[in-house]
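As the structure lists them, so they are numbered: ligands from 1, and atoms in each ligand from 1. In what follows, every heavy atom counts, from backbone to side chain, and hydrogens, waters and symmetry copies are set aside.
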Amino acid sequence: MPFMTLRFASRNGRAQLVVGSENRLVDLETASNGKFSSEPIDAFRRWKELRAFAATLSDNPGDICDINSLDAPSPWPTQVFGIGLNYRSHAEESGLPIPTTPLTFTKYSSSIAHGNADIPLVGSSIDWEVELVVVIADGGRNIATNKAWDHVAGIAVGQDISDRALQFASQPPQFSLGKSRKNYSPFGPWLIDAADLPQRDALHMTCTLNGEIVQDTSTDDLIFNVSDIIAYLSGIVQLLPGDVIFTGTPGGVGVSRKPSVFLKPGDVLVSTIDGIGTTTNRCVAE
Ligand code: ZN
């Protein structure tokens, strides 16, 4: 069976490829006879080599992938960026002007979790934000817009879970802590290699809450698209292999509803990017 688009996952800290229609896991270090190490960051650093290696794999038998056994595809990124107000629909519902530069904040790496992680609720103002998530392959500085996708390993769907009370606790607001509680940065279930995706700048993305659609967009509505964000960030900081970018959420979050709606224990969020992946997050009492 020919190898399809490269899919990359991480389990118990070890790099995995996901192959075939049954989603079988192939341990990268074992399958490559040690050519690649077990460390996910080694794969990100050598992503073009990995792409060539993956193309040589046939229908390699491995465990059928239990999505709940996976880590986040980049489990310990050095840097995690979030982009705020990056869809017109979300800026408008927030009553804020359309940004003219990417509004960038940090999500601390200890908030990263696998795609299907439970969300422990702290307080009564926890909100959802479905987002396209990008993982950097070989990074760099001053990456040109038209070369930006060459520096992307893959993409996944994720949630930028937000504690609104904490996000706006001080003036001026400081987003980073409010978006970094335990498991508040789930994404997955795996990365889809972005190299061969003709529609990578126009993906259909939805979020449902207890089965009801609350967010529904195309990523071509991003104000700053993936290329713009990478060019902007790399002009300021060095992007590193495995770094993660949450690219922003469309309209439909809970805080902007009238009246506001926040997550409760037992709520279930399902986040989907068509052709890329689906994650399910159950909300639990802290
Ligand atoms: Zn966000």
Once the angle between the rings of F53 and F36 is folded into 0 to 90°, is it parallel (under 30°), tilted (30 to 60°) or perpendicular (over 60°)?
tilted
What do the steps show when you test R7 against N23 for side chain to side chain donor-acceptor pair (under 3.5 Å), and what is the final call?
CA-CA 9 Å; R7 288 181 289 166; N23 300 332; 2.7 Å; yes
Which atom, counting only N, O or S, brings E129 closest to the Zn ion (ligand 1)?
OE1
Relative to the Zn ion (ligand 1), which of the N, O or S atoms in D160 is the closest?
OD2
Given the rule in the side chain to side chain donor-acceptor pair (under 3.5 Å) test, do Q159 and N281 qualify, once you have shown the distances and angles that lead to the verdict?
CA-CA 9 Å; Q159 280 281 339; N281 302 108; 5.4 Å; no
Tell me which N, O or S atom from E131 is the closest to the Zn ion (ligand 1).
OE2
Is the distance between the ring centroids of F105 and F81 less than 6.0 Å?
no
